[in-house]
Amino acid sequence: MFKRRTPEPEAPVSEATVDPSRAAKGRPTPSRKEAEAARRHAIKVPADPKAARRAARERDRAARVAARAALAAGDERALPARDRGPVRAFARDFVDSRRTLAEFFIILAVVVLVLNFIRLPGLQAFVTLIWFVMTAVIVIDTAILLFRMSRAMKAQWPDPKDRKGTLLYAGMRCLQFRRLRLPPPRFRPGGRPVEPRTR
């Protein structure tokens, strides 16, 4: 009556009833072929190699268009590495808020190039003189602007590492047409903010 009952042996679990691939994750591990097919399906890559290359080019083009549109809109997240940071933003604003002669350098160079095709010794000598004079004026004007910008930047960022490459960056921006500058100017000549365009 009070005898201890011996526990009944548990039924052996066959290997067929337990899937080791399901034990850890609850689902079978996909094969390499299945994983590759799932990845292709996720990005919708056509099976045809030519169509796949065409689709890849279209995706790259759409990504470039979206990045350029974000950059033209002034989105800080879309700025390339050379345009990021408060120091570069200060340099852009300093250049954009002033009218410089350097932004007309390309126009002057094109005019001089066209006039050099006119075979008149007197005209060519005059054009050469104007070219050297205007180039010297542009260099002096740009140097003065960069000197003032450097002095203002040193007051805010004393560490030279923070200002590394900024003078060259600002000088190259001076040579660009105002309408073609990217990121777009936030200030007009004179310091007035650029009003956002309304559609």
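Along the sequence shown, residues carry numbers from 1. Since we're looking at a predicted model, the values are computed, not measured. Side chains included, hydrogens not; waters and symmetry mates left out as well; all remaining heavy atoms used.
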Taking the six-membered ring of Y169, is the NZ or CZ of R88 close enough (under 6.0 Å from the centre) and on axis enough (within 45°)?
yes
Open item on the list: Are L108 and I118 linked, directly or through intermediate hydrophobic residues, by side-chain heavy-atom contacts shorter than 4.5 Å (ILVMFWY only)?
Closed with: yes
dist R163:CZ -> F90:CZ (nearest 0.5 Å) comes out at 11.0 Å
Ion pair present between D96 and R186, side-chain N to carboxylate O less than 4.0 angstrom? no
Separation between OG1 (T166) and CZ (R92), nearest 0.5 Å, reads 11.0 Å
Given the rule that I, L, V, M, F, W and Y join up when any side-chain heavy atoms are under 4.5 Å apart, are L182 and L180 in one cluster? no
Anything under 3.5 Å between a donor and an acceptor, one on a side chain of residues 139-161, the other on a protein residue two or more places apart or in another chain? List them.
unit_1	atom_1	unit_2	atom_2	d
D141	OD2	L101	N	3.3
T142	OG1	I138	O	2.8
D159	OD1	K161	N	3.2

**Q.** Backbone of E103 reached by a side-chain donor or acceptor of Q176 within 3.5 Å
**A.** no
Q) With a 4.5 Å limit on heavy-atom distance, are the side chains of R188 and S97 in contact? A) no
If hydrophobic clusters are built by linking Ile, Leu, Val, Met, Phe, Trp and Tyr wherever their side-chain heavy atoms come under 4.5 Å apart, do M134 and V112 end up in the same one? yes
Closest heavy-atom pair, C174 versus T100, reported as atoms and distance to 0.1 Å, is O-OG1, 4.1 Å
Do V95 and M172 belong to the same hydrophobic cluster, where Ile, Leu, Val, Met, Phe, Trp and Tyr are linked whenever their side-chain heavy atoms lie under 4.5 Å apart, directly or via other members? no
Linked, directly or transitively: V111 and F105 (ILVMFWY side chains, under 4.5 Å)
yes
Verdict with supporting geometry, F126 and L115, side-chain contact (heavy atoms from CB on, under 4.5 Å)
CA-CA 10 Å; F126 177 74; L115 292 178; over 6 Å; no
Exercise for review: Determine, step by step, whether L113 and F117 satisfy the side-chain contact (heavy atoms from CB on, under 4.5 Å) criterion, reporting the C-alpha distance in whole Å, the side-chain angles of both residues, the deciding distance to 0.1 Å, and the verdict.
Suggested key: CA-CA 7 Å; L113 181 63; F117 287 103; 4.3 Å; yes
The reported gap from CZ in R54 to CZ in R59 (rounded to nearest 0.5 angstrom) is 12.5 Å
The reported gap from CD in E58 to CZ in R53 (rounded to nearest 0.5 angstrom) is 14.0 Å
Looking at R181 and R173, would you say the former's side chain and the latter's main chain have a donor-acceptor pair under 3.5 Å? yes
